[in-house]
Amino acid sequence: MEDRVFARELQDKMVPIMVLGMGHVGIPTAVGLAELGWKVAGVDQDLAKIAILREGRLPFYEPELQELLSKHLASGRFIPTEDVEGAIRSATVLFVCVGTPQRNNGEADLSQVEAVARMIARNLNGYKLIVEKSTVPAITAQWIKRTIQRYAKGGNTNSPENPGHVSGSEISSRFDVASNPEFLQEGRAVHDFFHPERVVCGVDSEQAWEILAEIYRPLQCPILRTDLNTAELIKHTANAFLATKISFINMVADLCETVGADVMRVVEGIGLDPRIGPDFLRPGIGFGGYCLPKDLRAFIYLAEVQGLDFSLLKEVERVNQRRSEVFLKKVHQALWVLNGKTVGVLGLAFKPNTDDIREAPSIKIIQGLLAEGAVLQLYDPSAMRNMQAIFPEEGGRVKYCSLAYDAARGAHALLFLTEWDEFRQLDLAQVRNLMEVPILVDGRNLFAPAQARAAGFEYISIGR
Ligand code: UGA
């Protein structure tokens, strides 16, 4: 009887949801679920983020997200709240989207996940489905389960503080843990939420499966049911494979330069083979961001703990770390001496359509240019504020420009580090007229070499 009522509540979207962690995954998930008709509470340990969201603003830039946020603050279906424990008690489905930063050895730091599990345990007032969305190493879901069992009121049957204990099996019947890894990409998170290629649901109970299947039913994509460990491993494998593709093509790009071939045509040629495909084979200055580099290291660490030397992935990482040196070498070859020369830098974000600069390749490149004594004129459509925290304007060596053209003014070279569409639209003739010396060093292959040369530039790009 109880189950039937629950099924009806599910269909009527009356099951309350909460999302823990208001970051790049948590906010799109929360407002995306609100758009699908669910009532969603959003919490974060950083109360400033909650205050910002309440005012209808976002703590970071992400296309289309602002509109959805405003819409569902107004509809009342998304409620940011400081009352974490109250929200846990009110919720039936809890999406865990908290950060999983990295320790020095590459291991994922799961202290935020553990803290959340303990808080849920303290507030386990009825059935709850805890859905792990953060990227975590395999068997984390099992640890969340164990932690909740251990810390749930009365869960520790040996504890003298819990005289009115219930048994471990009674507690586990009051909650399920699922692994539902997120595959969305920054810069297109809203699109990816509504149009995923697949949804992966790692579950170990029918109830958990039914809830997740109902939540994701409108998305019209394959919904893959797996066990918990498999779901966790799918996420890590996907990111490690994507990273491998990028390092692979970057090495091919270097080879193209030495033998005199065009890497873009090579990608076209191999990409037509459906077993290979053309995607995620854009050569450049390497992969950055909060996910690929960190997840790759965590995967290597995970393998190592299991006694496996995943040396292939170590090489993927090594190739990636060298990309900024490869690029700086190109700048050197073009300019010879950098000391005292003005260099324009276009693109600071780790990829377009975001203001995120975490592990952005631009950081290492800027450090290298400054170490050589260059004077930098930087521009990015949205990441400049974040970059100012790392490279402030003081000292006259670093200047942030309000237009791309200003970064080119008086420069001895103009470097492209992020492939923003805005840069493709630049009037190259105007850029050339502004520059002291017309040299473009393009780390993202934004232009056709013939086009850049026809505009009067010495043009250096990747693998062509
Ligand atoms: C990545 C994955 O693509 C998502 O599927 C995953 O959900 C996410 O991590 C995550 O784990 O949360 P994201 O970090 O947003 O997404 O960025 P990507 O689009 O993967 O780009 C990562 C880096 O690789 C960027 O620096 C980008 O410039 C670089 N890249 C990407 C290349 O150099 N070449 C390519 O062909 C593609």
Side-chain angles (χ1 to χ4, degrees), residues 21 23-29 60-63 97-102 108 132-137 180-193 195-200 232 234-253 263-264 266-268 270-271 276-299 316-317 319-324 326-327 347-365 380 383 416-420 442-446 462-463:
H24 289 267
V25 171
I27 299 176
T29 302
F60 51 83
Y61 170 68
E62 178 66 45
C97 305
V98 299
T100 51
Q102 192 131 49
E132 150 204 287
K133 251 195 177 316
S134 312
T135 302
V136 290
N180 169 220
E182 185 50 68
F183 299 104
L184 56 79
Q185 287 171 259
E186 282 182 35
R188 43 176 287 167
V190 173
H191 172 272
D192 288 352
F193 180 86
H195 307 280
E197 277 94 19
R198 78 300 204 187
V199 169
V200 173
E232 289 168 338
I234 286 173
K235 171 64 197 241
H236 264 296
T237 306
N239 274 3
F241 191 71
L242 292 171
T244 305
K245 285 185 95 171
I246 300 170
S247 280
F248 178 83
I249 206 61
N250 280 332
M251 283 310 298
V252 173
V263 68
M264 303 309 271
V266 171
V267 170
E268 203 183 328
I270 60 170
I276 299 174
D279 295 335
F280 247 72
L281 288 172
R282 295 190 309 276
I285 54 176
F287 55 82
Y290 186 61
C291 304
L292 256 45
K294 168 175 81 75
D295 291 355
L296 182 66
R297 289 191 289 265
F299 204 35
V316 168
E317 192 192 6
V319 169
N320 195 54
Q321 280 178 346
R322 279 192 44 240
R323 289 318 287 172
S324 39
V326 169
F327 184 78
L348 306 173
F350 84 98
K351 61 185 277 189
N353 302 321
T354 177
D355 59 0
D356 198 344
I357 56 159
R358 289 176 294 179
E359 296 214 30
S362 60
I363 296 175
K364 274 211 261 172
I365 292 170
D380 186 283
F416 290 88
L417 305 188
T418 315
E419 66 277 36
W420 285 91
D442 183 355
R444 301 289 189 172
N445 287 356
L446 278 157
I462 308 284

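It should be emphasised that the depicted structure is a prediction, and the values quoted were computed from it without experimental measurement. Just follow the structure's listing: the first ligand is 1, and inside any ligand the first atom is 1.
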Enquirer: With a heavy-atom distance limit of 4.0 Å, tell me whether Lys235 approaches ligand 1 through its side chain, its backbone, both, or neither.
Expert: side chain

Enquirer: In terms of residue, atom name and distance, what is the protein heavy atom nearest to atom 5 (O) of ligand 1?
Expert: Phe183 O, 2.7 Å

Enquirer: Closest by any non-hydrogen atom to atom 28 (O) of ligand 1: pick that one out of Arg444, Arg282, Glu419, Glu359.
Expert: Arg444

Enquirer: Check each heavy atom of Leu184 against ligand 1 and say whether those closer than 4.0 Å belong to the side chain, the backbone, both or neither.
Expert: backbone

Enquirer: Can you find an N or O of Gly288 that's nearer than 3.5 Å to an N or O of ligand 1?
Expert: yes

Enquirer: What residue and heavy atom of the protein are closest to atom 12 (O) of ligand 1, and at what distance?
Expert: Cys291 SG, 2.9 Å

Enquirer: Report yes or no: does Arg444 contribute a side-chain atom to a donor-acceptor pair with the main-chain N or O of Leu417 at less than 3.5 Å?
Expert: yes

Enquirer: Checking the N or O distance criterion of under 3.5 Å, is ligand 1 in contact with Gly289?
Expert: no

Enquirer: Tell me whether Arg358 is salt-bridged to Glu186, with the criterion being a basic N under 4.0 Å from an acidic carboxylate O.
Expert: yes

Enquirer: Taking 4.0 Å as the limit for heavy-atom contacts, which would you say applies to Asn239 with ligand 1: side chain only, backbone only, both, or neither?
Expert: side chain

Enquirer: List the residues meeting side chain to side chain contact (heavy atoms under 4.5 Å, CB included) with Glu359, not counting sequence neighbours, and say none if there are none.
Expert: Pro293, Arg297

Enquirer: Given that the side chain starts at C-beta and the backbone is N, CA, C, O, which of these parts of Arg188 lies under 4.0 Å from ligand 1, counting heavy atoms, or is it both or neither?
Expert: neither

